[in-house]
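Report on one structure; see the data block that follows.
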2 protein chains.
Amino acid sequence: MTSDAVPAHAPLELENFLPYRLSILSNTVSQSIAEEYTGRFQLSMTEWRVMAVLARFADLSAREVAERTRMDKVAVSRALARLVEAGRVDRSIHDGDKRRSVLKLSEAGWAIHDEVAPLAREHERELLARLDVAEREQLNRILDKLMSP
Amino acid sequence: MTSDAVPAHAPLELENFLPYRLSILSNTVSQSIAEEYTGRFQLSMTEWRVMAVLARFADLSAREVAERTRMDKVAVSRALARLVEAGRVDRSIHDGDKRRSVLKLSEAGWAIHDEVAPLAREHERELLARLDVAEREQLNRILDKLMSP
DNA sequence: TGCAAATGGTTACAGGTGAAACTATAAATC
DNA sequence: GATTTATAGTTTCACCTGTAACCATTTGCA
């Protein structure tokens, strides 16, 4: 008989499983922001991330953009190709190292940035509005701990 | 002169921008778990999610799996096709509705589940070990608030 | 009953993605 | 200074993804 040999299995409760919860939340938030700019500016999420980094740190190389965005260097290369093609990013070659590119937002890139950045900020504001001041501090501290090396 | 007409621009500080931090953390965590099973079991992340849901709730339809995993119905359809093909999920047809499928893990599916689930749990345990008890409670409460409808 | 609308699921298409291979340049080593 | 090794960036390949169109079945309703 097998009646006393049935294994327990112990399935995950996805709804309480932290990695799953983080994934759902992150996707929901990122997608709702992306909806605002993908249609309006023909801008993919990876492209926007590259632009946001170049807005904050000018004259980066492609590798540095990849490090800052934590994106794959191939993804960055392709996003940059589209952004340069669209005239949103200016690419030149590094003075002392002909392998490196030197990247910065163009006028047109800044114009888009200055429209998208407030939209993104507004989404963050709405999200944080669900939390009180103490919870926001807690969240920041917790994320710091979870993301530390 | 333009010296008093330079616009502020106000780029996002990605490193303090909540949606971005969530995205980085979520991707890091999910990928480190996925590394454990993609190579060993030829199992994609979407397939694992489908299996985890079917482990917890048997006899779901594909649409119900999509709802529970919050995945696109097309993604679910394709993951199921692969899982059924690999003999990891049994698919039959609903009694009173010939459109619906009725899905459950097979023996082989359960065997994989019983290896992967502990790996996933161990990763969550390691992640949560960075937090004290109070912080864990705070995180759960905060995620509930952020994810509520 | 008959027919339009809704639903479950799959397929086609048009991208996007990472791993690995590749090119060009620079740095290190001898 | 020549040769090996490392680095920046692109291209190729094989695969994954979402949207829209599609088929089959069921439901709603006249």
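Small disclaimer: the values here were computed from a predicted structure and weren't measured. Atom set for the values below is all heavy atoms of this structure, side chains included, hydrogens, waters and symmetry mates excluded. Order of the sequence lines fixes the chain letters, A, B, ..., with proteins taken first and strands second; residue numbering starts at 1 for each chain.
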Using a cut-off of less than 4.0 Å, is there contact between a side-chain N or O of A:Ser61 and OP1 or OP2 of D:dG9?
yes

Out of D:dG18, C:dG16, D:dG9, minimum distance to the side chain of A:Arg82 belongs to C:dG16

Specify the separation, in whole Å, of atom CE of A:Met45 and atom P of C:dG15.
19 Å

Are the side chains of A:Leu103 and A:Val50 in contact, using a 4.5 Å heavy-atom criterion?
no

Specify the separation, in whole Å, of atom CG of A:Leu43 and atom P of C:dG15.
16 Å

Atom-pair distance (CG on B:Asn27; P on C:dG18), nearest Å:
10 Å

Under the ring pair (Phe, Tyr, Trp, His ring centres under 6.0 Å) definition, can you give me all pairs with a residue in residues 129-149 of chain B, not counting sequence neighbours?
none

Tell me which of B:Gln31 and B:Glu64 sits closer to the 5' end of DNA chain C, going by the nucleotide each one is nearest to.
B:Glu64

State whether B:Lys104 and B:Asp59 are salt-bridged, where the test is any N-O pair (Lys NZ or Arg NE/NH1/NH2 against Asp/Glu carboxylate O) under 4.0 Å.
yes

C:dG9 phosphate, OP1 or OP2: any side-chain N/O from B:Ser101 under 4.0 angstrom?
yes

Taking only distance into account, with no hydrogens and no angle test, what donor-acceptor pairs under 3.5 Å do side-chain atoms of residues 137-149 of chain B form with protein atoms, sequence neighbours excluded?
unit_1	atom_1	unit_2	atom_2	d
B:Arg141	NH1	A:Glu135	OE2	2.9
B:Asp144	OD1	A:Arg21	NH1	3.3
B:Asp144	OD1	A:Arg21	NH2	3.1
B:Lys145	NZ	A:Glu135	OE1	3.1
B:Lys145	NZ	A:Glu135	OE2	3.0
B:Ser148	OG	A:Arg130	NH1	3.1
B:Ser148	OG	B:Lys145	O	3.1

Cation-aromatic face contact A:Arg68/A:Phe57, 6.0 Å, 45 degrees
yes

What string of B, S and - do you get for nucleotides 20-29 of chain C, 5' to 3', when a contact is any protein heavy atom under 4.0 Å?
B---BBS---

Just how far, in rounded Å, is P of C:dG15 from CD of A:Gln42?
11 Å

Looking at B:Gln42, B:Arg82, B:Arg78, which one forms a side chain to side chain donor-acceptor pair (under 3.5 Å) with B:Glu47?
B:Arg82

Is there a donor on the side chain of B:Arg78 or the base of D:dG18 sitting less than 3.5 Å from an acceptor on the other?
yes

Rounded to whole Å, the CZ-P distance (A:Arg100 to D:dT10) equals 14 Å

B:Arg91 side chain near C:dT10 phosphate (N/O to OP1/OP2, under 4.0 Å)
yes

Mind calculating the distance between CD1 (B:Ile93) and P (D:dC23) to the nearest angstrom?
19 Å

Do the side-chain N or O atoms of B:Ser77 get closer than 4.0 angstrom to the phosphate oxygens (OP1, OP2) of C:dG9?
no

So B:Glu124 and B:Ile33, do their side chains get closer than 4.5 Å, heavy atoms only?
no

Spacing of B:Met71 atom CE relative to D:dT19 atom C1', expressed in whole Å:
16 Å

